[in-house]
Amino acid sequence: MPENTVVNPTRTSPATDFSIALLNEFVRLGVRDLVLCPGARSQALALAAAELERTGSIRLHVRTDERSAGFLSVGLALETGLPALVVVTSGTAVANLHPAVLEAHHAGVPMILLTADRPSELRGIRSNQTTVQAGLFGVATRLCLDVPAPVGEPDEAEIATALARQAMDAATGAATTAPGPAQLNLAFREPLSSALPMGLTVLTPVARAASGPTDEPTMLLAPGPRTVVVAGDGAGPAAEELAYAGGWPLLAEVSSGARFGPNLIVHYRELLAAIDLGGQVERVIVFGHPTLSREIPALIARDGVETIVVAPTGFEWYNPGHVVRAFTRSIGADAACAAASRTPAGREWLGRWVMTSRALSEAEASAERVPIDKRGITRAELAVLRAPLTRALLVDAVWRASWPHDRLVLGASRLIREADKRVLGKKITVLANRGLAGIDGTIATALGVALASQAEPEPRSVGVTRVLLGDLTFLHDVGSLLLAPGEPRPRVQVIVGVDGGGSIFDGLEVAATAPPAAMERVLYTPRSVDLKALATAYGWDYELAATRSDLERALTGVHTRPAILEVPLVR
Ligand SMILES: Cc1ncc(C[n+]2csc(CCOP(=O)(O)OP(=O)(O)O)c2C)c(N)n1
Ligand SMILES: [Mg+2]
């Protein structure tokens with residue numbers, strides 16, 4: 001038994017009473033998921049969580065690695081829109097949450113950290129597993145409270161409920177319009193827990209008023225100059241609505257949540273480079289967080305282009321080149337916009353963008369089409385089905401296989417860019433950690449998305465969560481494959497493009513001049529890992545798709561268990 005562990009069923013422990021009051025209040029406030037990593041100092045919270053799971057009040061997810069736990073909570077929150085609680089013990093356990101905290105901070109994802117700590121008398125004297133935990137995440141937390149150890153005073157349950165409310169308001173952005181991480185650093189003194197009172201009641205959440213900006217006026221756009229709407233990551237359907245209302249081209253990234261509708265311009269990169277299209281843009285309306293192209297920031301920074309940035313929430317405004325002057329929480333198109341979009345000039349502006357982009361998509365599709373040759377048809381078709389896969393084929397196949405009840409999570413690096421360059425409009429849920437675009441935590445994030453979406457009523461629950469990611473991104477988060485016996489095993493298919501390491505670095509200018517061996521050693525960093533053996537070790541299903549027919553079969557097959565699909569690609 002770890003030192004300092006005291007579970008004495010005959011005594012009461014203020015730590016346990018406090019933990020019950022705190023977690024009960026979070027459940028009442030609507031929290032549905034609790035991610036927990038084991039540890040002695042956090043035992044009162046852990047045992048209270050186990051009881052709440054038993055009574056059906058929360059969904060409990062137990063993980064060994066706190067880095068995985070942090071990103072799991074990001075995925076759960078991306079799907080539910082609610083913060084998940086993350087409970088960890090003291091010391092490096094807390095620091096392992098840092099990558100997920102930074103992602104949540106920059107992406108505006110709600111998250112509540114309950115970090116157990118030593119009480120004041122054990123700090124600063126080289127006690128075991130003791131560091132400075134309060135303030136560890138710096139500006140990345142919306143709220144960080146160093147809470148003294150409960151001692152059994154009568155008002156401690158009240159203090160606990162007030163803390164839960166404060167953390168919930170901070171994490172959801174109710175107070176600041178900037179959802180993100182909140183940390184309660186909770187000191188606990190021995191006895192670290194006691195037996196739980198019997199017969200805890202099943203809790204029902206109270207209805208909470210929707211948070212978010214309310215009193216800011218909506219900016220109303222007049223028809224005005226030649227306009228495009230940009231939708232970066234997380235923009236949501238509002239971008240599509242505005243583009244439609246104004247009759248403007250919609251340049252929507254693949255994880256924008258707005259990649260659909262008649263105004264969508266798939267080939268926005270090429271078109272922005274064209275003098276008669278991109279060269280004529282006078283006004284840009286930006287939603288979300290664009291990160292996938294150089295063309296969008298270049299457009300905004302160009303002389304004579306007026307940009308308006310729209311973000312309903314957030315602590316920082318998108319502002320490439322520091323040239324943006326207009327920022328708003330809410331935007332609409334005035335009545336004259338609809339009329340202007342029906343004028344010959346309005347139709348011509350949108351029409352040229354849409355037609356040119358469609359022509360490029362059609363040219364791509366026909367270049368890949370099997371030639372219809374009466375004599376050779378079977379052989380030609382077979383040759384295509386047996387040909388090695390490319391990133392384009394992989395991305396297209398995954399996109400085709402995804403439906404509205406499914407979820408698609410895209411890792412950072414090249415495959416998300418490939419998808420952004422080519423996939424046609426489709427109203428499906430695509431998620432990506434673009435807050436900091438790390439190659440860490442992608443599997444854990446996807447597991448969170450899968451667990452939360454598959455716990456919902458049908459038809460959402462029947463979907464599959466697919467994760468498309470590179471080989472290094474997969475290996476970076478391989479520890480998140482670890483699922484303890486008894487943990488739910490959602491339908492998740494992890495599709496790994498194995499192409500000899502960080503193939504995105506091909507695109508760096510230095511790749512043309514640096515010694516190839518050095519590029520290989522310090523940038524591409526290829527690894528040779530037997531993914532099948534890894535899958536077996538972690539108890540995941542495994543398939544290899546080396547050809548188009550293998551891939552189609554693997555993507556359309558029935559998935560009931562977590563699975564890894566390895567797809568060899570050339571760098
Ligand atoms: C945590 C973290 N470390 C390093 C990077 C820098 N980085 C960006 S892409 C990349 C390589 C990714 O390789 P892979 O997953 O195989 O994708 P590919 O480039 O081959 O598509 C690296 C190391 C990062 N974004 N995040
Ligand atoms: Mg790779």
Side-chain angles (χ1 to χ4, degrees), residues 65-68 70-72 74-75 95-107 109 137 140 233 253-255 289 291-294 388-399 408-423 431-446 466-481 494-511 514 516 518-531 534 544-546 564-571:
D65 178 341
E66 289 79 9
R67 191 172 72 175
S68 298
F71 278 108
L72 183 71
V74 169
N96 275 297
L97 298 172
H98 214 147
V101 169
L102 286 183
E103 174 59 29
H105 167 52
H106 286 275
V109 177
F137 305 118
D233 179 69
E253 290 188 351
V254 65
S255 65
H289 183 204
T291 59
L292 296 177
S293 76
R294 293 181 187 175
L389 286 162
T390 61
R391 284 186 193 82
L393 288 171
L394 173 58
V395 157
D396 285 350
V398 171
W399 195 252
L408 178 57
V409 178
L410 298 173
S413 211
R414 214 160 147 181
L415 287 165
I416 188 171
R417 285 177 175 77
E418 187 69 31
D420 191 57
K421 282 179 190 158
R422 54 184 297 116
V423 295
L431 301 159
N433 282 338
R434 300 305 298 174
L436 287 184
I439 62 163
D440 45 355
T442 313
I443 296 172
T445 303
R466 295 188 185 83
V467 201
L468 182 60
L469 77 186
D471 43 358
L472 290 189
T473 306
F474 172 80
L475 291 171
H476 203 296
D477 198 27
V478 83
S480 292
L481 299 176
V494 178
I495 306 162
V496 195
V498 179
D499 59 2
S503 65
I504 197 167
F505 300 130
D506 269 0
L508 297 179
E509 274 167 25
V510 70
M519 279 298 291
E520 195 80 2
R521 173 102 172 96
V522 299
L523 281 154
Y524 300 134
T525 62
R527 300 286 175 257
S528 94
V529 175
D530 182 343
L531 299 196
L534 255 184
L544 174 72
I564 293 167
L565 175 62
E566 175 172 357
V567 182
L569 300 168
V570 283
R571 188 165 76 207

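For ligands, and for the atoms within them, numbers begin at 1 and follow the listed sequence. Sequential numbering from 1 along the given sequence is applied to the chain's residues. When reading the values below, keep in mind they use all heavy atoms of this one structure, side chains included, and skip hydrogens, waters and symmetry mates.
- Side-chain contact between R67 and H476 is present, with heavy atoms from C-beta onward closer than 4.5 Å.
- A salt bridge is absent between K421 and E253: the closest approach of a Lys/Arg side-chain nitrogen to an acidic carboxylate oxygen does not fall below 4.0 angstrom.
- Using a 4.5 Å heavy-atom cutoff, the side chains of W399 and L408 are in contact.
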Starting from the N and O atoms of ligand 1, collect every protein N/O partner closer than 3.5 Å and put each pair on its own line with the distance to 0.1 Å.
{"unit_1": "ligand 1", "atom_1": "15 (O)", "unit_2": "L472", "atom_2": "N", "d": "3.4"}
{"unit_1": "ligand 1", "atom_1": "15 (O)", "unit_2": "T473", "atom_2": "N", "d": "2.9"}
{"unit_1": "ligand 1", "atom_1": "15 (O)", "unit_2": "T473", "atom_2": "OG1", "d": "2.5"}
{"unit_1": "ligand 1", "atom_1": "16 (O)", "unit_2": "D471", "atom_2": "N", "d": "3.2"}
{"unit_1": "ligand 1", "atom_1": "16 (O)", "unit_2": "D471", "atom_2": "OD1", "d": "2.4"}
{"unit_1": "ligand 1", "atom_1": "16 (O)", "unit_2": "L472", "atom_2": "N", "d": "3.0"}
{"unit_1": "ligand 1", "atom_1": "16 (O)", "unit_2": "G501", "atom_2": "O", "d": "2.9"}
{"unit_1": "ligand 1", "atom_1": "17 (O)", "unit_2": "S413", "atom_2": "OG", "d": "3.3"}
{"unit_1": "ligand 1", "atom_1": "19 (O)", "unit_2": "S413", "atom_2": "OG", "d": "2.5"}
{"unit_1": "ligand 1", "atom_1": "19 (O)", "unit_2": "S503", "atom_2": "N", "d": "3.2"}
{"unit_1": "ligand 1", "atom_1": "19 (O)", "unit_2": "I504", "atom_2": "N", "d": "3.0"}
{"unit_1": "ligand 1", "atom_1": "20 (O)", "unit_2": "D499", "atom_2": "OD1", "d": "3.1"}
{"unit_1": "ligand 1", "atom_1": "20 (O)", "unit_2": "D499", "atom_2": "OD2", "d": "3.1"}
{"unit_1": "ligand 1", "atom_1": "20 (O)", "unit_2": "G501", "atom_2": "O", "d": "2.8"}
{"unit_1": "ligand 1", "atom_1": "20 (O)", "unit_2": "S503", "atom_2": "N", "d": "2.9"}
{"unit_1": "ligand 1", "atom_1": "20 (O)", "unit_2": "S503", "atom_2": "OG", "d": "2.9"}
{"unit_1": "ligand 1", "atom_1": "21 (O)", "unit_2": "S413", "atom_2": "OG", "d": "3.4"}
{"unit_1": "ligand 1", "atom_1": "21 (O)", "unit_2": "R414", "atom_2": "N", "d": "3.1"}
{"unit_1": "ligand 1", "atom_1": "25 (N)", "unit_2": "A437", "atom_2": "O", "d": "3.2"}
{"unit_1": "ligand 1", "atom_1": "26 (N)", "unit_2": "I439", "atom_2": "N", "d": "3.0"}

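- Under 3.5 Å, the side chains of R391 and S503 contain a donor-acceptor pair of N or O atoms.
- At least one donor-acceptor pair under 3.5 Å links the side chain of D471 to the backbone N or O of G500.
- Checking each of V496, L393, V498, L394 against L569 for a side-chain contact (heavy atoms from CB on, under 4.5 Å) leaves exactly one that passes, namely L394.
- A donor and an acceptor atom, one from each side chain of S255 and D233, are located under 3.5 Å apart.
- With waters left out, the protein N, O or S atoms under 2.8 Å from the Mg ion (ligand 2) add up to 3.
- Exactly one of L481, V467, I564 qualifies for a side-chain contact (heavy atoms from CB on, under 4.5 Å) with I443. That residue is L481.
- By the 4.0 Å N-to-carboxylate-O rule, D506 lies close enough to R414 to be salt-bridged with it.
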